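Quick note on labels: first sequence line is chain A, next is B, and so on, each numbered from 1. All values reported here derive from a predicted model rather than from experimental measurement.
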There are 2 protein chains.
Amino acid sequence: MKKAGACDLKTCFLCQFSIPEWIAAVGDHKQHLSYKKNETIFQEGSPVKGIYFLYDGKVKVHKQWGAEKELIVRFAQKGDILGHRGLGSGERLYTVSATALEDTTVCYTDLAFFEASLKVNPKLTLKLMQFYADELQEAERKMRNLVHMDVKSRLADALLDISRLHNDVQFTISRQDLASFAGTTYETIYRNLQEFIQEKLIAVDGKSITILQEKKLKKYITL
Amino acid sequence: MKKAGACDLKTCFLCQFSIPEWIAAVGDHKQHLSYKKNETIFQEGSPVKGIYFLYDGKVKVHKQWGAEKELIVRFAQKGDILGHRGLGSGERLYTVSATALEDTTVCYTDLAFFEASLKVNPKLTLKLMQFYADELQEAERKMRNLVHMDVKSRLADALLDISRLHNDVQFTISRQDLASFAGTTYETIYRNLQEFIQEKLIAVDGKSITILQEKKLKKYITL
DNA sequence: GATTTAATATGATTTAGATCATATTTTTGT
DNA sequence: ACAAAAATATGATCTAAATCATATTAAATC
C-alpha cells in the first residue's frame with residue numbers, strides 16, 4: 001500500500017451525498033491509498049480505524065473460515081464504500097476482509113471524520129441507511145439461495161450478478177473466487193461451468209467468461 | 001388482525017430514538033394492531049405500506065421458497081422494528097414475510113410518517129443505520145455458517161442465538177421452525193437434537209428446549 | 001368431543017456435492 | 001529467463017444430509 005494522487009471529490013459515496021460546503025473538509029481529511037493486486041486493504045477481526053471508498057480497481061469483500069476456506073460476500077467497484085460494516089453497535093472490528101483483485105486506488109477517511117460527516121450530512125446518513133437496506137436484502141436473498149437452490153442455479157445467479165456489476169456480458173474472474181462467491185468448491189464450479197459451456201449459455205476463454213444467453217441463465221434462478 | 005389498545009410510546013424503536021417533541025406526533029399517527037398466532041403481518045412480495053414495531057409477542061421473519069420451503073432470517077421480539085427492509089432504494093415490496101408465532105401486538109406507522117420521522121430525528125436515522133449494520137453483519141455470518149459449517153454446528157448456533165434472544169436458557173420452538181432457521185430439514189434437526197440430548201447438552205420436553213451446557217454447545221460453533 | 005389437520009418420531013434409500021488424488025498449464029517472483 | 005507457486009483440469013471415492021415412507025401423537029376446528 002502506498003499513497004496515491006488525489007481523487008476527483010465527486011465519485012465516492014461520501015462526496016456524492018455530502019453538502020457542497022462539506023466537500024472541502026472531505027478534501028482535507030481524505031487520504032488516497034493504492035494497493036497492488038492481491039494486497040489486503042483490511043482484515044477481518046482487526047480494529048476498524050476508518051472507512052474506504054473504492055476509486056479505481058476491483059475488490060473482493062470476504063469472510064475467512066480457517067486458513068483455506070472463505071466466502072465472498074460482495075465484489076466492490078468504483079464509488080463503493082468499504083468497511084462500513086464496522087459502523088454497527090458492537091465491537092469495532094472488521095467482520096470481513098477486503099482484498100484487491102487488481103491494482104486499486106481507494107480514498108480513506110478515519111472513523112471520527114466519517115462520523116462527523118454523518119452528523120453534518122443527514123442525506124449521507126439516509127443514503128447509507130438505504131444502501132444497508134439494499135445490502136441486507138441481497139444478503140438474505142443469498143442466504144435463501146444457499147439453503148434452497150442447487151449449485152448450478154447459484155452459479156447462474158453468481159454469473160448474472162457479476163455481469164450486472166461489470167455492466168458487461170464479459171468479465172474476468174478466477175474459478176476459485178467464483179466458487180467462494182457461489183458458496184461451493186472449485187471442483188464443483190469447474191464441472192458446472194463445463195455444463196453451461198456445453199449448453200452454450202456461456203463461453204470461456206482462460207479466466208474470461210462471456211454470458212451468451214442471459215435469458216436461459218435466468219431461468220435457472222427461478223426454478 | 002384487529003385494532004388494539006394504545007402502546008406506552010416508550011418501548012419501540014421509533015419512540016426510543018425520536019426527540020421528545022416528536023412523540024406526540026407519533027402518538028397521533030400510530031395504529032395499534034393485534035394478530036393471532038400464525039397470522040401473517042405482512043407478506044413477501046406485497047407492497048410496503050408501512051413499518052411495524054413489535055409491542056408484545058413473538059414474530060418470525062421469513063422468506064418463502066415455493067409452497068413448502070422457507071428460511072427464517074430472524075425472530076423479532078418486543079421493541080423490534082419490522083418491515084424496514086422495505087426502505088431500500090429498489091421497488092417498495094416486502095422482501096420477507098412476518099408471521100406471528102403467538103398472539104402479538106404491534107404498532108404500525110405508514111411509510112410517509114416514518115420517512116418524515118427520519119427527517120426530523122437524525123438520531124433515529126443513525127440508530128436505524130447502526131441496526132442495519134448489525135443485521136448485515138449477522139446475515140453475513142450466517143451465510144458463512146451455511147457454507148462452511150455442518151448442520152450440527154448450525155443447530156448449536158441457532159439454539160444459542162434463540163436463547164440469547166429470549167434471555168433464557170429455556171424456550172419454546174417447533175422443530176420445523178428450528179429447521180427453517182438453521183437452514184435444513186425437519187428430519188435432520190430431529191436427529192441432531194437427539195444427539196444433543198444424548199450428549200446432555202440440552203433437555204427437551206415437548207416443544208420446550210432447555211440448554212444445559214452452554215459452553216459445550218459453543219464449542220460446536222468455533223470448530 | 002369427534003374429526004380433521006398439523007407436528008413429531010424414526011427407519012430406509014438416494015444423491016448432490018465435498019473430498020481426495022494427480023497431471024498439466026499458467027502466473028509470478030527473482 | 002527460469003524456478004517455484006498458483007490455478008486449472010479431470011477422474012474416483014466418500015459422506016452428510018435430503019428425500020421418501022409411514023407410524024404415532026398432539027393440537028386445532030367445527
Side-chain angles (χ1 to χ4, degrees), chain A residues 35-39 60 65-72 99-103 144-158 172-198 202-209 220 223, chain B residues 36-39 60 65-72 99-103 144-156 158 172-198 202-209 220 223:
Chain A
Y35 296 84
K36 278 180 290 151
K37 188 174 175 175
N38 293 324
E39 212 177 338
K60 68 173 171 181
W65 183 248
E68 295 289 291
K69 295 180 179 180
E70 63 165 4
L71 173 75
I72 295 175
T99 304
L101 289 174
E102 50 187 60
D103 292 358
R144 189 209 49 196
N145 291 356
L146 282 168
V147 171
H148 294 304
M149 299 199 329
D150 62 18
V151 169
K152 198 167 182 182
S153 304
R154 297 207 308 269
L155 173 57
D157 188 54
T172 290
I173 188 173
S174 82
R175 308 280 189 278
Q176 182 54 65
D177 280 346
L178 207 43
S180 298
F181 189 52
T184 181
T185 58
Y186 166 80
E187 292 93 327
T188 301
I189 284 296
Y190 165 76
R191 286 179 242 274
N192 284 94
L193 276 180
Q194 293 305 316
E195 292 191 39
F196 279 146
I197 294 167
Q198 238 87 78
I202 62 169
V204 166
D205 176 23
K207 286 192 204 335
S208 163
I209 296 176
Y220 272 95
L223 191 84
Chain B
K36 280 179 289 151
K37 187 174 175 178
N38 294 322
E39 212 178 337
K60 68 174 171 182
W65 184 248
E68 293 290 293
K69 294 179 177 178
E70 64 165 2
L71 172 74
I72 296 174
T99 304
L101 290 173
E102 50 188 60
D103 292 358
R144 190 209 50 198
N145 292 356
L146 282 168
V147 170
H148 294 304
M149 299 196 330
D150 62 17
V151 168
K152 199 169 180 181
S153 305
R154 298 209 307 271
L155 173 57
T172 291
I173 187 173
S174 81
R175 308 281 189 278
Q176 182 53 65
D177 280 346
L178 207 43
S180 298
F181 189 52
T184 181
T185 58
Y186 166 81
E187 292 94 325
T188 301
I189 283 297
Y190 165 77
R191 286 179 243 274
N192 284 92
L193 276 181
Q194 293 303 316
E195 292 191 39
F196 280 145
I197 293 166
Q198 237 87 78
I202 63 169
V204 166
D205 176 24
K207 286 192 204 335
S208 163
I209 297 177
Y220 274 95
L223 192 86

Report yes if a side-chain nitrogen or oxygen of [X] is closer than 4.0 Å to either non-bridging phosphate oxygen (OP1 or OP2) of [N]; otherwise report no.
X: A:Lys36; N: C:dT28; value: no
X: B:Arg175; N: C:dA9; value: yes
X: A:Ser174; N: D:dA7; value: no
X: B:Lys207; N: C:dT8; value: yes
X: A:Lys37; N: C:dT28; value: yes

Minimum heavy-atom distance A:Ala179-A:Tyr186, with the two atoms named: CB-N, 3.7 Å

Heavy-atom pair of closest approach, residues A:Ile209 and A:Val204: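 For A:Ile209 and A:Val204, the tightest heavy-atom pair comes out as CG1-CG2, 4.1 Å.
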
Figure out the [atom1]/[atom2] separation between [X] and [N], and round it to whole Å.
X: B:Ile173; N: C:dA7; atom1: CD1; atom2: C1'; result: 14 Å
X: B:Leu155; N: D:dA18; atom1: CG; atom2: P; result: 12 Å
X: A:Lys69; N: C:dG17; atom1: NZ; atom2: P; result: 15 Å

Whether B:His148 side chain and A:Glu70 backbone form a donor-acceptor pair below 3.5 Å: yes

Touch class at under 4.0 angstrom, heavy-atom based, for B:Lys152 against every strand present: nothing

Check: A:Arg191 side chain, C:dT19 base, donor-acceptor under 3.5 Å: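 When only heavy-atom distances are counted, A:Arg191 does reach the base of C:dT19 through a donor-acceptor pair under 3.5 Å.
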
Per-nucleotide pairing state of DNA chain D [Watson-Crick or G-U, under 3.5 Å; [ ] pseudoknot-crossing; | other strand]: ..|||||||||||||||||||||||||||.

